Amino acid sequence: MVRNKDEEDQATKPKRLDFRATWKEIARKQHGVMVAMIILLVMSAVLLVFALVTLHPQGTVVIVGYGDVYGEIAGLSGGYRRDSWLNMLAFPLLAVIFGVVHNLLALRVYRKYGKTPALMLIGATMLLVVGTFIVMLRLLGEW
């Protein structure tokens with residue numbers, strides 16, 4: 001019997017990762033991973049709200065960056081960089097990436113490598129969210 005080309009492709013093609021099935025498995029078996037993913041989602045939502053509240057679109061120029069090296073090279077006192085407020089849209093974008101994309105990555109890592117690497121990815125992302133808060137507070141002069 002001669003097989004169809006489509007049947008051969010389907011037989012050799014790897015199965016697509018089903019995020020819904022992976023999430024259901026995590027909810028049933030791995031409560032620690034599930035709680036960590038929910039905490040990451042909440043942290044990212046708080047970062048998104050904080051970033052949107054502090055955008056200040058009414059200002060034409062805002063402080064968008066800080067670096068000691070930049071200030072020393074340019075011969076300026078301090079390393080604050082001023083630019084358009086549109087550059088601050090990077091922070092809400094980061095919040096969405098951390099909350100959505102990194103949770104999807106955690107699902108994929110869990111499916112391929114297991115619980116521990118997924119928790120490591122979620123923990124590292126939580127540290128990135130905290131680091132982003134710190135950077136924003138520094139730029140706003142609050143901390």
Side-chain angles (χ1 to χ4, degrees), residues 1-74 78-143:
M1 176 176 201
V2 177
R3 293 179 77 180
N4 189 352
K5 176 75 171 146
D6 291 330
E7 290 175 11
E8 287 179 13
D9 285 343
Q10 287 179 352
T12 59
K13 222 185 245 187
K15 287 186 175 182
R16 256 184 94 198
L17 180 62
D18 187 12
F19 290 117
R20 187 175 300 152
T22 306
W23 174 251
K24 286 179 182 177
E25 179 183 331
I26 287 173
R28 274 193 328 266
K29 296 179 182 177
Q30 302 294 338
H31 295 288
V33 177
M34 180 186 69
V35 169
M37 289 176 73
I38 291 170
I39 290 171
L40 174 61
L41 187 64
V42 169
M43 287 175 68
S44 298
V46 170
L47 176 63
L48 177 65
V49 169
F50 183 70
L52 290 174
V53 167
T54 59
L55 255 180
H56 301 299
Q58 70 275 12
T60 56
V61 175
V62 297
I63 296 173
V64 297
Y66 177 83
D68 292 330
V69 175
Y70 173 78
E72 289 177 13
I73 291 174
Y80 288 101
R81 288 181 296 138
R82 290 165 177 75
D83 207 343
S84 170
W85 68 270
L86 289 171
N87 287 342
M88 295 297 280
L89 288 175
F91 292 107
L93 181 65
L94 274 176
V96 171
I97 289 172
F98 290 152
V100 177
V101 176
H102 281 225
N103 268 327
L104 292 176
L105 280 173
L107 288 174
R108 185 173 179 103
V109 167
Y110 174 79
R111 176 58 67 199
K112 283 186 111 173
Y113 303 109
K115 174 185 173 182
T116 305
L119 280 173
M120 288 174 55
L121 173 69
I122 295 168
T125 305
M126 286 178 182
L127 289 175
L128 287 172
V129 170
V130 170
T132 305
F133 267 116
I134 292 171
V135 167
M136 286 187 68
L137 289 173
R138 293 278 314 262
L139 290 178
L140 294 170
E142 305 275 333
W143 195 42

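What you see is a predicted model; the values in this text were computed from it and never measured. Below, each value reflects all heavy atoms present in this structure, side chains not excepted, and no hydrogens, waters or symmetry copies.
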Inset, instruction - Compare every heavy atom of L52 with every heavy atom of P92, then report the nearest pair and how far apart it is. - result: CG-CD2, 3.8 Å
Legend entry - Nearest heavy-atom neighbours spanning A36 and L119: CB-CD2, 3.9 Å
Legend entry - Pairs involving residues 28-42, ordered by first then second residue, that meet side-chain hydrogen bond (donor to acceptor under 3.5 Å, both in side chains) (sequence neighbours left out): none
Legend entry - For V129, the option from L47, L94, V46 that meets side chain to side chain contact (heavy atoms under 4.5 Å, CB included): L47
Inset, instruction - Could you name each residue pair satisfying ring-ring contact (aromatic ring centres under 6.0 Å, His included) that touches residues 100-126, not counting sequence neighbours? - result: F98-H102
Inset, instruction - Kindly write out the residues that satisfy side-chain contact (heavy atoms from CB on, under 4.5 Å) with I39, not counting sequence neighbours, or none if the list is empty. - result: V35, M43, M126
Legend entry - side-chain hydrogen bond (donor to acceptor under 3.5 Å, both in side chains): pairs with one or both residues in residues 33-45, sequence neighbours excluded: none
Inset, instruction - Look up atom CD1 in I122 and atom CG in L127, then write down how far apart they are to the nearest 0.5 Å. - result: 12.5 Å
Inset, instruction - To the nearest 0.5 angstrom, please state how far the CG atom of L107 sits from the CG atom of D18. - result: 10.0 Å
Legend entry - Partners passing side-chain contact (heavy atoms from CB on, under 4.5 Å) against L121 (at least two apart in sequence or in another chain): L105, A106, V109, T125
Inset, instruction - Work out which heavy atom in M34 is nearest to a heavy atom in I26; give both atom names and the distance. - result: N-CG2, 3.7 Å
Legend entry - Set of side-chain contact (heavy atoms from CB on, under 4.5 Å) partners for V135, sequence neighbours left out: F91, L139
Inset, instruction - Determine whether L137 and F50 make a side-chain contact, defined as any pair of heavy atoms from C-beta on separated by less than 4.5 Å. - result: yes
Legend entry - For M120, side-chain contact (heavy atoms from CB on, under 4.5 Å) partners two or more places apart: T116
Inset, instruction - Determine which pairs satisfy side-chain hydrogen bond (donor to acceptor under 3.5 Å, both in side chains) with at least one residue from residues 89-101, sequence neighbours left out, and list them in order. - result: none
Inset, instruction - With rounding to the nearest 0.5 Å, note down the distance linking CG in L128 to CD1 in I97. - result: 11.0 Å
